[in-house]
Number of protein chains: 2
Amino acid sequence: MNLTSFVKERRKAVKLTQPELAEKAGVGLRFIRELEQGKQSLRLDKVNQVLQLFGYEVGAVQNKLNQNF
Amino acid sequence: MNLTSFVKERRKAVKLTQPELAEKAGVGLRFIRELEQGKQSLRLDKVNQVLQLFGYEVGAVQNKLNQNF
DNA sequence: TATATTTACACCTTAAAGGGTATAAAAATG
DNA sequence: CATTTTTATACCCTTTAAGGTGTAAATATA
């Protein structure tokens, strides 16, 4: 589950629009859109502001792909 | 397991110095230091560059604390 | 379909992240 | 202990994320 689909699905599950989620999270509307569209270079603290609404936070999760160590 | 201790522990586990990890990950030395010191406003893509070395990536993880939905 | 709502894209400005370098402090090693 | 290695802090500069606003496209609803 990547961040993009996580936020999109959770937001719809609680029936919020992007502007409503933005306001509740205390971030800009543009940020929510970029987050749901998979922009890679977002700021960690802003992402956390959104995830916290759903009882989540950013963390390290395992990755199927190549492992250098 | 937060990102801060995750990176610090993994780095030491594979016996890399901060400059070495920075170079391998393709980020600046300053970034590694701020990451290991818990700076909240780092960029997601840079964090992922580091986590990928260990076979991890940034994702949403559950949070014991308050849940608004 | 028409209409309303929601989402996406573009422009500009501001604030700050990230990098490089230099220096200092701390930790490890002999 | 003295010396080396590693980590932390500070400065300046460049790049860019984030927000606001406006407009267009897409989606939902009547």
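Just so we're on the same page: letters track the sequence lines, and every chain starts at 1.
- Atom CG of A:Leu21 and atom P of D:dG19 are 12 Å apart (whole Å).
- Interface limits on DNA chain C: the 5'-most and 3'-most nucleotides within less than 4.0 Å of chain B heavy atoms are C:dA17 to C:dG20.
- The backbone N or O of A:Asn48 lies less than 3.5 Å from no partner atom in the side chain of A:Glu57, so there is not a single donor-acceptor pair.
- Within the model, atoms CG of A:Leu42 and OG1 of A:Thr4 stand 8.5 Å from one another, a figure rounded to the nearest 0.5 Å.
- Atom pair A:Glu34:CD and D:dG19:C1' shows a separation of 10 Å (rounding to whole Å applied).
- With a 4.5 Å cut-off on side-chain heavy atoms, B:Val7 and B:Leu21 count as touching.
- For the contact set between residues 36-44 of chain B and DNA chain C, defined by any heavy atom under 4.0 Å, the members are B:Lys39, B:Ser41, B:Leu42, B:Arg43.
- D:dA17 atom P lies 14 Å from atom NZ of A:Lys46, rounded to whole Å.
- The backbone N or O of A:Gly38 lies less than 3.5 Å from a partner atom in the side chain of A:Gln40, making a donor-acceptor pair.
- At a non-hydrogen distance threshold of 4.0 Å, B:Val27, B:Gly28, B:Arg30, B:Phe31 from residues 26-33 of chain B come into contact with DNA chain C.
- One interatomic measurement links the two molecules: CG of A:Asp45 to C1' of D:dA18, which rounds to 11 Å at whole-angstrom precision.
- Distance check: B:Leu53 CG to A:Asn63 CG gives 11.0 Å after rounding to the nearest 0.5 Å.
- When side chains are defined from C-beta on, B:Phe31 counts as touching B:Val47, because their heavy atoms get closer than 4.5 Å.
- The shortest distance between side-chain heavy atoms of A:Leu3 and A:Val50 does not fall below 4.5 Å.
- Once rounded to the nearest 0.5 Å, the distance linking CD of A:Gln49 with NZ of A:Lys24 reads 14.5 Å.
- Within the structure, the salt bridge (charged side-chain N to carboxylate O under 4.0 Å, His left out) test picks out no pair touching residues 12-22 of chain A (sequence neighbours left out).
- Look at B:Lys8 and you won't find any side-chain N or O under 4.0 angstrom from OP1 or OP2 of D:dT7.
- Through side-chain heavy atoms spaced under 4.5 Å, either directly or across other Ile, Leu, Val, Met, Phe, Trp or Tyr residues, B:Leu29 is tied to no other residue.
- Partners of A:Arg30 by side-chain hydrogen bond (donor to acceptor under 3.5 Å, both in side chains), not counting sequence neighbours: none found.
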